[in-house]
2 protein chains.
Amino acid sequence: MPRPRQALLTRDRIVATALALIDADGLAALSTRRLAAALGVQGPSLYNHFATKDAILDAVADSVTATVDTGFFARLDWRAALRRWAWSYREALAAHPNVVPYLAQGPGRRPAALAMADAVYGGLVRAGWPPARATHIGAALRYFVAGSALGSFARGFVEDPELYAAHYPHLTQAHRLAGHQRSVDEGAFALGLDALLHGLAAEYERTVGPLAPLEPIEPSG
Amino acid sequence: MPRPRQALLTRDRIVATALALIDADGLAALSTRRLAAALGVQGPSLYNHFATKDAILDAVADSVTATVDTGFFARLDWRAALRRWAWSYREALAAHPNVVPYLAQGPGRRPAALAMADAVYGGLVRAGWPPARATHIGAALRYFVAGSALGSFARGFVEDPELYAAHYPHLTQAHRLAGHQRSVDEGAFALGLDALLHGLAAEYERTVGPLAPLEPIEPSG
DNA sequence: CCCTCAAACTAGCGGTGTAAGTTTTAGTCC
DNA sequence: GGACTAAAACTTACACCGCTAGTTTGAGGG
């Protein structure tokens with residue numbers, strides 16, 4: 001087939017299809033030939049649109065990051081903004097857990113990831129945090145969110161009572177975790193995030209100054 | 001070569017060599033043939049000792065997890081134990097960042113990972129936390145530690161001032177992060193961990209009961 | 001109208017995980 | 001001690017991988 005009248009591929013279509021395949025079958029199952037087949041095309045044709053497979057993965061990762069809402073920092077108290085952002089970030093990653101191992105290695109040169117880092121850091125500095133502290137806070141929250149999306153804690157346990165009963169006296173109920181994946185992961189995230197923010201507020205008062213009163217909001221979750 | 005008088009391979013030697021290769025060149029660069037070559041052997045010989053490549057990676061991951069010290073839960077207050085354990089855990093992972101993406105997907109059936117989960121969960125329940133809460137706390141700390149080891153925050157930024165200056169007004173100094181990797185990552189971890197523990201202590205007092213006074217310890221770091 | 005570029009193609013290279021079968025040694029049982 | 005079995009190396013081979021090179025032909029601009 002020579003060049004077709006209507007282009008068969010676009011970058012957007014490649015990225016969307018790649019994300020769907022990764023969601024369905026995992027990161028390791030994405031090969032250029034399989035991706036191309038899903039697009040009705042031969043493998044090497046992808047290289048007319050992306051330089052390498054990694055470039056495709058970068059675009060996929062950035063498309064996920066782009067769905068995170070960072071607008072809170074422009075209009076909310078830093079504590080409320082951090083909370084909303086963290087939940088939005090987590091939601092974006094948890095919707096595509098299979099890309100998290102790739103995405104979590106850092107923003108690299110991906111525009112959406114850099115824009116997010118920019119918004120968070122800028123918001124914290126504007127709120128009075130010293131620059132070094134703002135960096136630390138952004139990093140700490142990224143650690144927590146990425147970790148929570150990476151290895152769904154509950155999914156990591158096997159549905160096999162025998163395995164745990166024998167050697168791990170406190171894990172006799174662990175096999176039931178796999179069945180409550182969502183509530184366990186969300187509960188752990190909510191608890192950890194609230195604890196983190198609570199501790200950061202105390203640190204703020206100790207090292208920066210008094211906190212503005214915060215209009216009450218529903219507890220995160 | 002037929003069966004040699006002295007076995008050339010042992011599981012331990014395979015695991016140690018695999019870890020060294022992963023540390024040096026990354027997870028993706030570990031192939032069975034390269035690993036075998038480093039051991040002075042042909043590729044398929046590995047399959048006399050491990051069923052699949054994944055089984056080798058499991059053993060590598062568990063050998064890293066095995067270096068985490070979980071003994072604190074048996075002899076320290078839960079807050080102190082959590083802090084020491086988290087640092088030990090982080091140290092173990094940060095020493096081998098390239099295996100973290102594999103390891104962070106959950107304990108699976110790896111004995112050292114399960115023993116660690118058992119110790120943490122048991123220690124928290126013994127300290128008075130309700131079982132569901134203990135699960136959440138263990139998960140939250142695992143999120144934080146795994147996230148911190150997975151993507152060194154600082155390493156994720158590129159040493160290229162041009163990249164940031166143009167479009168990200170608050171990241172004009174981001175290119176310098178790559179040079180301060182260790183201090184940024186450790187500072188973020190220390191801040192986040194202390195904040196988390198501070199928040200958990202407050203949660204304990206609110207929902208479980210008064211905290212025993214804690215002998216003063218040096219701040220984490 | 002022609003020229004160049006774009007976007008598909010085919011063919012193929014070196015590398016991957018691993019299955020299958022071979023060879024020789026080590027160790028066990030009568 | 002001889003026969004048998006299991007172990008641990010080997011070679012060969014398959015299907016797949018990322019990617020390069022070169023080819024074809026339609027699209028769009030001078």
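Just so it is clear: chains get the letters A, B, ... in the order the sequence lines come, proteins before strands, and each one is counted from 1.
- Taking atom CD of B:Q42 as the reference point, atom C1' of C:dT24 lies 17 Å away to the nearest angstrom.
- Atom CZ of A:F144 is separated from atom OG of B:S148 by 12.5 Å, given to the nearest 0.5 angstrom.
- In this structure, CG of B:N48 is placed 13 Å from C1' of C:dA20, rounded to the nearest angstrom.
- The nearest whole Å value for the distance from the CZ atom in A:R11 to the P atom in C:dA6 is 14 Å.
- Counting to the nearest Å, the C1' atom of D:dC19 and the CG atom of A:D54 are 13 Å from each other.
- Positionally, the nearest nucleotide of DNA chain D for A:S31 lies more toward the 5' end than for the other of A:A51 and A:S31.
- Figure legend: cation-pi geometry between B:R126 and B:F73 absent, as NZ or CZ is not positioned both under 6.0 Å from the six-membered ring centre and within 45° of its axis.
- The side chain of B:P44 lies closest to C:dA19 when the candidates are D:dC17, C:dA11, C:dA19.
- Paired with B:D58 under the rule salt bridge (charged side-chain N to carboxylate O under 4.0 Å, His left out), one option of B:R110, B:R11, B:K53, B:R109 passes, and it is B:R110.
- With D:dG18, C:dT10, C:dA7 as the choices, the nucleotide that has an atom nearest any side-chain atom of A:K53 turns out to be D:dG18.
- In terms of heavy-atom proximity, B:Y164 sits nearest to B:L171 at CB-O, 3.4 Å.
- Between B:S45 and the phosphate of D:dA8, there is no side-chain N or O to OP1/OP2 separation shorter than 4.0 Å.
- At D:dA7, none of the side-chain N or O atoms of B:H49 fall inside 4.0 Å of OP1 or OP2 (strictly under the cut-off).
- Counting to the nearest Å, the C1' atom of D:dC17 and the CZ atom of B:R33 are 12 Å from each other.
- Atom P of nucleotide D:dA6 and atom OH of B:Y47 are separated by 24 Å, given to the nearest angstrom.
- Base engagement by B:T32 is indicated by at least one non-hydrogen atom pair under 4.0 Å involving a base atom.
- Distance from the side chain of B:T52 is smallest for C:dT18 among the nucleotides D:dC17, C:dT10, C:dT18.
- Annotation: B:E91, atom CD; neighbour count of heavy atoms from other residues, nucleotides and ligands within 6.0 Å does not exceed 12.
- Following rounding to the nearest Å, A:L46 (CG) and C:dA8 (C1') show an atom-to-atom distance of 11 Å.
- Separating the CG atom of A:L9 from the P atom of D:dG26 is a distance of 18 Å, rounded to the nearest angstrom.
- Within the 4.0 angstrom heavy-atom criterion, only backbone atoms of the sugar-phosphate kind lie near B:L30; the bases stay farther away.
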